Amino acid sequence: MAAALLANTLYSLGFVLEKRALTSLPEVSIRQPARLLRLVIGSPLWIGGSLALAAGFAAQLVVYRTLPIAAAQGIFVSGLVLLVLLSARLLGEETSGRERYALGAILLALLMVVLSLREGSDTVSQDAPYPLILLVCVPSLAAGVWLYASAERRTRNRHRRPTTGVEYGVAVGLLYGVSSLAIKGVAGRLTTHGIGGAVLDLLSSPYPYLLLFTGVFGLVMSQAALQRCRASLIVPVCTTVTSLFTAVLGTLSFGEALPDQPLRLALRVAGTALAVAVLLTMPKHDSAPRPSPPAKELASP
């Protein structure tokens with residue numbers, strides 16, 4: 001529990017610091033990944049945010065070794081409250097009334113998932129069949145990249161209203177969902193006795209390669225999306241998609257049994273359905289005022 005709360009704090013702080021750093025940089029694009037990486041690596045504030053996210057990743061490894069996947073996701077999503085507070089305080093971002101209701105409904109949905117858990121009766125699995133993991137992850141990665149590219153094409157249309165970033169959040173959330181399953185798999189592989197045996201066991205699995213792909217593409221895609229959209233909206237959407245993806249498909253892939261009591265099963269299914277319904281009905285266009293871009297960004301070509 002302590003590791004999960006620490007991961008929440010580190011992830012929220014990391015995203016907010018990266019967003020703040022990106023507002024002072026020239027516009028970045030996934031079509032120029034080398035330039036994007038060069039710009040962000042040159043920002044000390046962005047480096048601080050990325051280090052916070054890396055520390056959150058380490059805390060997440062501890063969580064996955066001690067809690068069922070669904071339980072971990074329920075706790076991780078509670079960090080959305082901290083994220084919205086930090087975004088308002090440090091970034092000056094404001095959410096509309098409709099968006100606040102949507103975020104409240106998401107928290108309610110994930111609370112239902114948490115209430116469906118029962119300490120001592122939920123199994124913590126350490127492994128999953130590799131073909132099943134690839135069957136789940138590869139199409140999800142393709143869908144995430146395709147959805148992001150579609151959102152990019154629509155954004156380049158100058159006559160369109162500003163987007164809230166829901167599409168970006170869903171796309172990046174799919175990649176991070178795959179990354180979350182890979183983290184769960186890595187945590188299971190680290191139980192092997194001896195460092196050499198653990199490393200060989202890990203390299204023979206698909207997990208480090210899934211982490212490499214999602215790390216590279218997720219970094220480029222998330223930074224471009226964060227610069228264009230409000231962190232207080234895009235990160236909650238991304239987190240919700242990641243949590244639902246991991247809780248549902250991760251539970252099935254790793255063989256962690258669903259609740260056997262009707263009430264607990266109903267809570268988990270209803271919570272998942274509510275979160276998906278909220279995502280589908282969230283506003284797609286941004287009506288909230290945005291902070292004025294810095295002079296450096298206006299002067300850039």
Side-chain angles (χ1 to χ4, degrees), residues 1-5 7-8 11 60 63-84 95 97-129 132-133 135-137 139-140 143-144 166 169-170 173-174 176-181 183-185 187-188 233 235-283:
M1 182 70 73
L5 294 176
N8 276 347
Y11 278 136
Q60 195 175 3
V63 174
Y64 279 142
R65 295 188 63 178
T66 55
L67 287 178
I69 290 177
Q73 297 311 307
I75 299 172
F76 288 148
V77 174
S78 66
L80 293 179
V81 176
L82 177 61
L83 174 77
V84 172
T95 54
R98 183 179 174 186
E99 291 166 355
R100 285 192 291 271
Y101 283 127
L103 292 177
I106 287 175
L107 288 175
L108 174 61
L110 292 161
L111 175 62
M112 295 168 68
V113 173
V114 173
L115 291 175
S116 73
L117 301 168
R118 183 177 178 183
E119 186 177 359
S121 64
D122 292 295
T123 58
V124 181
S125 176
Q126 302 294 339
D127 200 7
L132 181 58
I133 287 292
L135 182 63
V136 169
C137 292
S140 301
V166 171
V170 173
L174 287 173
Y176 284 165
V178 172
S179 179
S180 191
L181 291 188
I183 293 172
K184 169 70 174 178
L233 188 64
V235 176
V237 170
C238 175
T239 302
T240 302
V241 172
T242 299
S243 297
L244 289 174
F245 180 96
T246 308
V248 176
L249 296 179
T251 296
L252 296 175
S253 299
F254 283 86
E256 295 183 351
L258 294 172
D260 53 0
Q261 297 178 359
L263 178 58
R264 294 174 57 218
L265 180 60
L267 281 171
R268 190 167 300 186
V269 172
T272 302
L274 175 59
V276 172
V278 172
L279 284 177
L280 293 176
T281 58
M282 286 186 76

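Here the structure is a predicted model, which is why all the values come from computation and not from measurement.
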Who passes side chain to side chain contact (heavy atoms under 4.5 Å, CB included) against [X], sequence neighbours left out?
| X | value |
| --- | --- |
| Cys137 | Ile133, Val178, Leu181, Leu210 |
| Ile183 | Phe57, Gln60, Leu61, Tyr64, Ser179, Leu211 |
| Pro129 | Pro131, Leu132 |

Per the side-chain contact (heavy atoms from CB on, under 4.5 Å) rule, which among Thr246, Thr242, Val241 passes with Tyr176?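 Only match with Tyr176 under side-chain contact (heavy atoms from CB on, under 4.5 Å): Thr242.
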Of all the heavy-atom pairs spanning Met112 and Leu274, show the shortest one and how long it is. SD-CD2, 4.3 Å
If we only count heavy atoms from C-beta on, is the Phe245 to Val136 side-chain gap below 4.5 Å? yes
